[in-house]
Amino acid sequence: QDKVTIGVSVPAADHGWTGGVNYFAQQTIDRLSKVYPDATFVFASAADAPKQIADIEDMVSTRNIDALVILPGDPDAMTSAIKQVKDAGKFVTVVDRQLSIDGVEDLYVAGDNPGLGTNTANYFKEAMPDGGNIVVLRGLPIPIDQQRVDAFMAGIEGTNIKVLDDEFANWNRDDGFKVMQDFLTRFPDIKGVWAQDDDTAVGAIEAIKQAGREDEMFIVGGAGMQQMIQRVADGDKLMPVDVSYNPAMISTAIELTTAHAVGGVPVSGRYILESTLITQENASEFLDEESPF
Amino acid sequence: MSVSAPEVPAKPARGMRIDFKTVGPLLALVLLVLLGISLNENFLSYNNITNVLARSSFIGIIAIGATFVITAGGLDLSVGSMAAVVAGVMIIVMNALIPSMGVSVGVVLIGMLAGLAVGGAAGIGNGLMVTRGRIEAFIVTLGTMGIFRSLVTFLADGGTLSLNFNVADLYRPVYYNGILGVPWPIIVFALVAIGGEIVMRRTAFGRYCAAIGSSEQVSRYSSINVDNVRLITYIVQGILVGVAVLLYVPRLGSASSTTGVLWELEAIAAVIIGGTTLKGGYGRIWGTVVGVIILGLIGNILNLQSFISPYLNGAFQGVIIILAVLLQRGRRAA
Amino acid sequence: MSVSAPEVPAKPARGMRIDFKTVGPLLALVLLVLLGISLNENFLSYNNITNVLARSSFIGIIAIGATFVITAGGLDLSVGSMAAVVAGVMIIVMNALIPSMGVSVGVVLIGMLAGLAVGGAAGIGNGLMVTRGRIEAFIVTLGTMGIFRSLVTFLADGGTLSLNFNVADLYRPVYYNGILGVPWPIIVFALVAIGGEIVMRRTAFGRYCAAIGSSEQVSRYSSINVDNVRLITYIVQGILVGVAVLLYVPRLGSASSTTGVLWELEAIAAVIIGGTTLKGGYGRIWGTVVGVIILGLIGNILNLQSFISPYLNGAFQGVIIILAVLLQRGRRAA
Amino acid sequence: MSDPQDSAVRPILAAHRISKSFGEIPVLFSIDFDVRPGEVHAIIGENGAGKSTLIKILSGIEQPTSGTIEYDGQTVTLPPNGQAEAMGIVLIHQELNLAEDLTVADSIFLGRELKRYGFLQSGEMRRRAAEILDTLHVHVDPDARIRSLSIADKQMVEIAKAISRDARVLIMDEPTAVLSVGETQTLFDQIRRLTARGVAVVFISHKLDEIMQLAQRVTVLRDGQLIATVGTEALTPDSIAQMMVGRELSNLYPPKHEPDVDAPVVLSVRHLSAPGVHDISFDLRKGEILGFAGLIGSGRTAIAEAVVGLARRSEGEVELEGKPVNFTRVAQSVDAGIAYMTKDRKGKGLLLNMGLRPNLTLLTLKRHLRMGFLDSASEERALERSVRRFDIRARDASVAVGRLSGGNQQKLMLGKTMESEPDIIIMDEPTRGIDVGTKQQIYHIIAALAAEGKSIILISSELQEVIGLSHRVAVIRTGRLAGVLEGAEIAEEEIMRYAAGIKQGGHNERISA
Ligand SMILES: Nc1ncnc2c1ncn2[C@@H]1O[C@H](COP(=O)(O)OP(=O)(O)OP(=O)(O)O)[C@@H](O)[C@H]1O
Ligand SMILES: Nc1ncnc2c1ncn2[C@@H]1O[C@H](COP(=O)(O)OP(=O)(O)OP(=O)(O)O)[C@@H](O)[C@H]1O
Ligand SMILES: [Mg+2]
Ligand SMILES: [Mg+2]
């Protein structure tokens, strides 16, 4: 049995979800290193696309990796760099974000960003059959935010649900708090809040509580942070549901890739990890004591 | 033999002409307030005003420290990351004390002390490297910015450190309550600002900061202990970061690697909008306060309207910052 | 009464002792290389070296512009966002030309010209506000940093601007190919560095930058057109941002609101690690080149090992930056 | 070459009815002034009289509020910012005007670099700089950074810069204020060389003997008014002084009161070595004025700085009233009652961007605290006292001190030093740039301080001053004590012999007994 080296490249922990990705990636690497003594892992997290490209270049030229697992921060910018890794004969697994040309990766472990928007929209339609005013707290101005928002807007089209305004809250608690405070100042009538992300939702909830308007509205986050799933499970009125978008998808990708590289287990194609609606009924399935996210 | 009486200079009527250097930031503030009023009738509401002031207070308290550092010719880029470390350590300490001390006010108080201590220690580190190590402040604090940021990420294991829920409940009033309807953060900010103004204007330390920023050499020849004064500015900055975080933690009860990102830029911007010169030698605390409020209002106003695409928020912010300083033009670092 | 010639003081033997101010950054570089070699046998491989140098070239070219700006007593915080705007405009222009011009070298060339033009224009904007508007450079460029960043987000509609794939194929060799095995980015970086060194040392412009940074008034009294020289430094900076982006676009083929984030800090850090003084008056291009390579190597070396938790990368970086400057201590801005 | 004294020779540069105000504060009133080719025309007047302002207007640095300038027979508006240099009007500023980060050669050629094919000819510029410095007998490395030069060397570099330019009119604002006799003579030789070639020279100095020596005509300003323009031959130093200050100036120097022979030694320096100082020993007695004479760069400043803790001493002891002291910071020497007044008022003495009050009290701020806070009333009182005592004249009290006239800055610095009420005062060029009237006043203050029992070390390049005031004179040469003169020995020639190294020893052994 030959030694294999597997490179894992993820974006830096610049918000809660990517923090989760980093955590799960390292945790999985630690675990698999024990399971497969012949496998060496090279892990890097990058703040931006050039850094991430540099990381995978280094993995190829100095660490002689056999396989690469990559969650590209900015897939369009990274497509040709990933293609070069592929062209160098490495096994490539892409996670979460679709590259701008098809057929580069051997394995695609996908989250479903538009699905997150659509799922959320469906819940809003169901919860607000007569329509009403809502506000949207977006993420960072990057493509996945755009995909989620587009799908959401498409989902509520034709209903009486009215988006009063949207602002970037950068998937961040502090900004969620600020933006929500100001929305509350500005709009006397808000029935629903789409925070898109659970970190943002934490901040928004504090703002709503401070204003004493918990009873007027509900809020939907996203990504499935443990603290939020617990709320859903507890039947919190303010936070009736959550939408999963599990950072642990990176673990799946690393496991599959390692199994292939070490054991020659044939894996290929697409694994779509669906974005599902977490409700009080199914919340227990998503609770995980160990997860820091 | 004596000399004929010297001509006594007539003092010019000061303040008769409009002094744009002084009035500039205030004018910008007034214009922003008018803009806010015209956009939304709730702008001047008690809630909105306290919201904006309370959430500006973190940057405000930090920026007051930065005013001293910058006036003395220094710079501290590490304050944002430092704030994150302080918050992280406070949360870890408080969570760790619960088993032994239970959920008690004592836990919160020890956490607060730990926060101040970490801030002060970080300030001492920065200050010693700048003064004893003779390394440019920009480099020292760029370095510690990276180091502190890494440290939080490490402490939080890439994720978020959350304060125990029960302790958080106990601590929460420190952000949300206050006296006579004025939230604590605003009160603390005001006290720090008043204290800072007094120290800057009416103590030897404040005078020495300006002297050192103006000319290190002259200060040395005037028997000022330049290194010590510099060091103290960094320590004051560190402690004030600690104070700011004392108010930050009760708000959301968490710290992560994104806590305090870009606070340094915001703090420095506030200081300079307020009329302090970046190269040192002249600082004014009240200007910094105005600068902080201007920056706070910009964000608020952007959230109160819908015509500007949120994509262009940054542009609006940039334009206002430049305009605020344009209003005091004439002043210029030599 | 006249005096006999005073004794001539012996000139100290120059350059005999090790001059740490000069050797400092080089020493840091050598130490890093040794560290790299000890960590991985592939470190000195052709591939690794060209990789590191090629990817450092963007920041490198920008940092050479920053050396002029800083030497002349200025500062440009907007370079990162400016790079994003330039990249965005280039991509939009090239994509827009395809229907009429097809996928041709002409499209790429026009795109490149557009990039240089946008960079130059942005530089003119910054420069005019600093010189004619008399606003502190820090504030002007902090403002335009926000404005440019917003502009890209706006142009990209919150997402990513991607270059047409066929044009990208045509353009790609500009990053990945070269002559005699040396990739283009390295060649361009070297040319810009050599040109910069010559301009800084051997032309009146370079001399004037140092004079202005050292004392604006003295320069003015020496009939140097201070405003023009300053303006030109910002324009040079803008054009060099353009040049850097010409090499960046074929590598990434896209631009988004995250393009070039924090490049300004990296560029300034490289300049100062290289021994240029932040307050102006003294700049050296070769030092900046060394600084850029040091920063590039830090990232590379972190990827060569697995003992340091990636969470602590920033800390390692911070420590190296401080150490690199510590090695040249003694120099200190007055 | 026509005789410049001949009033038929047309002036090359003339000012007609020039007035100037800064804001609402007038500083010049309808001044007429002209200078002819080959002539040295001196301007004198009290501190703040407007001399510097006038010559700034004559060189385009400042624009007059009203009045006209005529150059070469044409009415002109001089271009700002030293661009008039291209027309042949070259100015040496009163305040050192060099960029500290540049090298000597860079500075000399700043703004008119030698170029070939657009590139600087650094070698050529270095060579020529060395040449010019040589003619001035200045021994500095053309590659040395300005920052590293002594203040007198900086002044010489400025002079080198000015005379190396193709001047038709050369204007010098107190170029000799920091120069010693020898350097001054070198400068005068150069000036005569230039005037012989037809260059017109405008020369400002407070040293009347220099003016008598050099100038053909003298213009006297007082409080911004033109008092008179007269030929030098019709003048005596006394009559000039009278015109300047509007009163008789008899006995510039107060009578010397020798201290008691058994007056205790308050400061004793033994075998002191420091950068630029080699094995210096001397004693200073209570009530004594000890002069320090020597050439530029002889190390007098370095000795003073080593004594008060501004420079690190490598060897030797300092005893204060019999107790050994080792100051590592100035604050310690100030607390011990020793004050040092620097000669570099711009670089080390004053915060140019601040007002009079913070500058005056900076050294002694702790004395103006009330319950821990600054007491601005107390500071204001101190300022009033100093303004009266040292005749500091600021037309606008809120002005930044950088805008005060040079002499008034100097007076402010004196005031600042005296605020610490020292028992031992080391004054480095205390009357640098001060007008005769005030000088006399300061001399009396110094003598009175000594009579009160204070001890004074007087470092001065103005020999007359050292001679007129000192009880004993130590002559320093290349960082070593060349000799100590007492009583009748204290005379110009004798001092110069020691300073130049022609004579050695003297009473050295007696002083370090
Ligand atoms: N830029 C300025 N702004 C305000 N006042 C000024 C400025 N420059 C000079 N003054 C004032 O003008 C007056 C004349 O100053 P000037 O420097 O011409 O005197 P001076 O005759 O050269 O004196 P000195 O012998 O001390 O050098 C002074 O009262 C000074 O304070
Ligand atoms: N820190 C130092 N290191 C090396 N040489 C020094 C240092 N300080 C002074 N010197 C040298 O010592 C000599 C004395 O210079 P300094 O300016 O102290 O004396 P000075 O010119 O006699 O003072 P003054 O101008 O009052 O006469 C100069 O040649 C100077 O270059
Ligand atoms: Mg003058
Ligand atoms: Mg000297």
Side-chain angles (χ1 to χ4, degrees), chain B residues 73 75 77-78 81 129 133-158 215-217 257 265 268-269 272-273 277-280 309-326 328-334, chain C residues 73 75 77-78 81 129 133-158 215-217 257 265 268-269 272-273 277-280 309-326 328-334:
Chain B
L75 192 70
L77 295 174
S78 72
S81 321
M129 279 190 278
R134 318 228 151 255
I135 313 175
E136 286 226 37
F138 183 93
I139 288 291
V140 166
T141 57
L142 183 71
T144 53
M145 169 177 161
I147 294 172
F148 295 152
R149 183 62 63 204
S150 280
L151 212 61
V152 207
T153 317
F154 185 72
L155 290 177
D157 223 351
S215 166
E216 201 172 314
Q217 183 87 301
S257 62
L265 221 56
I268 298 172
I272 295 173
I273 291 173
T277 21
L278 186 59
K279 310 214 166 187
S309 149
Y311 296 149
L312 292 178
N313 281 359
F316 180 76
Q317 218 154 26
V319 169
I320 300 283
I321 289 175
I322 293 178
L323 283 182
V325 174
L326 191 64
Q328 48 179 315
R329 90 173 178 184
R331 152 179 319 286
R332 193 185 195 190
Chain C
L75 192 69
L77 295 175
S78 72
S81 321
M129 277 189 280
R134 320 227 148 256
I135 312 174
E136 286 226 37
F138 183 93
I139 286 292
V140 167
T141 58
L142 183 70
T144 53
M145 169 177 160
I147 295 173
F148 295 152
R149 181 64 60 207
S150 280
L151 213 61
V152 205
T153 316
F154 185 73
L155 290 177
D157 218 354
S215 165
E216 200 172 317
Q217 168 143 329
S257 66
L265 224 55
I268 297 172
I272 294 174
I273 291 173
T277 21
L278 186 59
K279 309 213 168 187
S309 152
Y311 292 150
L312 292 178
N313 282 359
F316 181 76
Q317 216 156 24
V319 170
I320 299 284
I321 290 175
I322 294 178
L323 284 182
V325 175
L326 191 63
Q328 49 178 314
R329 91 177 177 178
R331 152 182 318 287
R332 191 185 198 191

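Letters go in sequence order (proteins before strands), and every chain restarts at 1.
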**Request:** Output the option from B/Ala315, B/Gly318, B/Ser81 having the highest count of non-hydrogen pairs under 4.5 Å with chain C.
**Result:** B/Ala315
**Prompt:** In terms of heavy-atom pairs under 4.5 Å with chain C, which of B/Gly143, B/Gly146, B/Ser150 leads?
**Reply:** B/Ser150
**Item:** Segment of C/Asp157 engaging chain B (4.5 angstrom heavy-atom cut-off)
**Value:** both
**Asked** Knowing that exactly one of B/Ile139, B/Val140, B/Ile135 qualifies, which makes a side chain to side chain contact (heavy atoms under 4.5 Å, CB included) with C/Leu326?
**Response** B/Ile135
**Prompt:** So do B/Leu77 and B/Ile268 actually touch side chain to side chain, heavy atoms under 4.5 Å?
**Reply:** yes
**Message:** Within the structure provided, determine whether B/Met145 and C/Leu265 are in side-chain contact (heavy-atom separation under 4.5 Å).
**Reply:** yes
**Request:** For the pair B/Phe154 and C/Ser309, evaluate side-chain contact (heavy atoms from CB on, under 4.5 Å) and give the outcome as yes or no after the intermediate values.
**Result:** CA-CA 8 Å; B/Phe154 185 72; C/Ser309 152; 4.1 Å; yes
**Item:** Option that, when pairs with chain C are counted at under 4.5 Å, heavy atom only, ranks first among B/Leu75, B/Ile272, B/Ile320
**Value:** B/Ile272
